S.K.: 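Submitted below is the structure of interest, expressed as structure tokens.
Residue numbers start from 1 in every chain, and the chains themselves are labelled A, B, ... in the order their sequence lines are given, proteins ahead of strands. From a predicted model like this one, the values you see are computed outputs, not experimental measurements.
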Amino acid sequence: MDVRLDRLGVDIGGTAIVRDLTLSAPSGSVLGIIGPNGSGKTTALRGVYRALPPSSGAVWVGDRDLWRLPRHEAARTVAAVTQQHRTHLDFTVAEIVAMGRHPHHRHGGRLSEAERRLCREAMERVDVAHLADRGALTLSGGEMQRVLVARALAQQPSVLVLDEPTNHLDLRHQLGLLSLIAASDLTVLAVLHDLNLAAAVCDRIAVLAEGRVVAVGEPHEVLTAELLATVFGVDGEVVPHPRTGRPQLLYSIPDTEGTRT
Amino acid sequence: MATTAAAQRQRAPRDGTRPRRPVALLAAALTAVLAASALVAIGAGSASIPPADTAAYLWASLTGGTIPADEVGRYQIVWQIRTPRVLLAALVGAGLGAMGVAVQAMVRNPLAEPYLLGVSAGAATGAVAVGVWGGLGALGIYAVSGGAFLGALAAAAVVYLAAAQSTGLSPLRLVLVGVAMSFAFQAAMSVLVYFAPDAEAASTVLFWTMGGFGAASWTTLPIVAVAVAAGIAVLARKARVLDVLSLGEETASSLGVDTGRQLAWLLALTSLVTGVMVAASGAIGFVGLIVPHVVRIAVGADHGRVLAVAPLAGAVLMVWIDLASRTLVAPRELPVGAVTALIGVPVFVYLLRRRGYLFGGS
């Protein structure tokens, strides 16, 4: 299903963090959200997975206003992998993934055989099936991150919201996760810090600064040396990837005198 | 199946998987242990009665049988004094175990216990206020317990009102406000005791803060039984919500759980049940803190499994603690709260040092 953020505004403690955000992602596409620290990327996502109610505007999934749906209905539509996910209890990996079925079971009850198979497949897709009986507190950061993706997949959403999903992941699993995202028929909204990965996987990229969209379009339209300079304050070059033609960013590290090394 | 379980147990230390004992079996075993413990506890005391006689008296009471005239005294001890006492201990142990599980999930903190949110301090203040200064005369001999119950509910209400925001409750606010309010209620209690007309206030305070089952009677037992049973039943039905809540607010929201609302009703439920228990037996510490941890060591973190076992474990523990409190230094009685800590702390530390139990992310 397609997702539209329609003049979305989100406040935290009376301060407007995200203002007038209008973005859309066609069904099955990957929309990357990039921007410097504090630009409102995470807050915008929280308005989508219903952690923070919008102060203005709306989030549309297909023809439905997400914030007007019952909570469990919204959670069957949108799943999220958030940055805040520490638990103090030592659930097993299989138990955490099974919690993805919660919105489908409003009044408790056991998982059906089909649901257990679904959870199993979700774990296999992100390469954590072998960890099923492990306690969550014994996992590495990258393993936990993949478990959370498996839980989101087990939720069977039509929209997947990912807040820095490649955090903690080693290179192989970063690429594995991104190719899974690109190949899936889910509509994906992902905040990404690695601009090269964003360029490689996103159909469209939106750039946020100070709570507003400053650029949006296909990777080659958005990722330019000028944007790096104005939005990120970074000196860099953009070259096409020799095989895929996607934009690749090369940075130069300024030395203390500010001259290029 | 047996070989798989054995293989898992062997593998456990190496790759971090934990063997899961079947919950139904454990619950059945604990139920049998509880029944046997209760029989022993009812028989034990200054007038020691063999388990067979105890069982015969209990059978006679339940079926309306007759007792030989020369045994009526012993029968009275068993049926009128010790049975309600042991049952009250079992109920309160069960309730504290279950409420401890709920509060730890609510505030996502392994140090949480049922009294964290101000309930015990409020109850003690209410009891002292009524006991020392009078009031609630309509309740007769239960006036002080009534005061404790009202104090507990008042504390919970104040905590709720102070912690609630337009978006509902949040775990951290709940803990901070609960701890702060506990201090406020304790201070209020100290002031009451300081200005109390007689010295009795200090011993009233000791009872309400350390607890005891000496006041158990058949009249008040049904109230506690209903509150505890209903509380546990509701929590067991909401076990999966507790699972999701303990993953944190962000994740709970994304899974369709209204954190603020769930926390509000959990606060109401745990405060109500804890308030009834405190009114009946004072604030007995520690059981509500350790029982959830001990049970998780055995069955893992899943709240459905934990809530099937924690009430039974709490009940067994409390029956033995009460027995110790009234027999260790007989004819005097130790405050139950002191015994729970003296026995509980070493057991708790031993269990925490065992390999394989992780909590709080470390």
S.K.: For atom CZ of A/R125, is the number of surrounding heavy atoms from other residues, nucleotides or ligands below 6.0 Å larger than 12?
M.R.: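 12 or below, so no.
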S.K.: Measuring heavy-atom distances to chain B, does A/A74 have an atom under 4.5 Å in its side chain, in its backbone, in both, or in neither?
M.R.: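 Neither the backbone nor the side chain of A/A74 comes within 4.5 Å of chain B.
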S.K.: Got B/R296 and A/L89 here, is their nearest side-chain heavy-atom distance under 4.5 Å?
M.R.: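 Sidechains of A/L89 and B/R296: in contact.
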S.K.: Are B/V241 and A/H102 packed together at the side-chain level, in the sense that at least one heavy-atom pair is separated by less than 4.5 angstrom?
M.R.: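 Result yes, sub-4.5 Å side-chain heavy-atom pair found.
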S.K.: Could you tell me the separation between the OG atom of B/S253 and the CZ atom of A/R46, rounded to the nearest 0.5 Å?
M.R.: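 B/S253 OG to A/R46 CZ: 8.0 Å, rounded to 0.5 Å.
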S.K.: Around atom CZ of A/R71, are there more than 12 heavy atoms of other residues, nucleotides or ligands at under 6.0 Å?
M.R.: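 Yes.
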S.K.: So do the side chains of A/R50 and B/S254 get within less than 4.5 Å of each other, counting heavy atoms only?
M.R.: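 They are not in side-chain contact.
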S.K.: Rounded at 0.5 Å granularity, tell me how far CD1 in A/I96 sits from OG1 in B/T251.
M.R.: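 So the gap between those two atoms works out to 9.5 Å.
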S.K.: Name all residues meeting the salt bridge (Lys or Arg N to Asp or Glu O under 4.0 Å) criterion together with A/R101; count only those two or more places apart in sequence or in a different chain, and write none if there are none.
M.R.: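 Counting only residues at least two positions away or on another chain, A/R101 forms a salt bridge (Lys or Arg N to Asp or Glu O under 4.0 Å) with A/E115.
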S.K.: Could you tell me the separation between the OG1 atom of A/T82 and the CD atom of B/E249, rounded to the nearest 0.5 Å?
M.R.: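 So the OG1 of A/T82 and the CD of B/E249 are separated by 11.0 Å.
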S.K.: May I ask you to name which of B/A105, B/G256, B/G248, B/A252 has the most heavy-atom pairs under 4.5 Å with chain A?
M.R.: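 Looking at each of B/A105, B/G256, B/G248, B/A252 in turn, B/G256 comes out on top.
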S.K.: What is the distance from atom CD of B/E250 to atom CG of A/D163, rounded to the nearest 0.5 Å?
M.R.: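 Rounded to the nearest 0.5 Å, the CD-CG separation comes to 9.0 Å.
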S.K.: Within a strict 4.5 Å, meaning less than it, do heavy atoms of the B/N109 and A/H88 side chains meet?
M.R.: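 No; the side chains remain at least 4.5 Å from each other.
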S.K.: Could you tell me whether the side chain of B/L247 reaches within less than 4.5 Å of the side chain of A/R151, counting heavy atoms only?
M.R.: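 Touching, per the 4.5 Å side-chain cut-off.
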S.K.: Any chance you could measure A/F91, atom CZ, to B/D243, atom CG, to the nearest 0.5 Å?
M.R.: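 Separation between the atoms: 4.5 Å.
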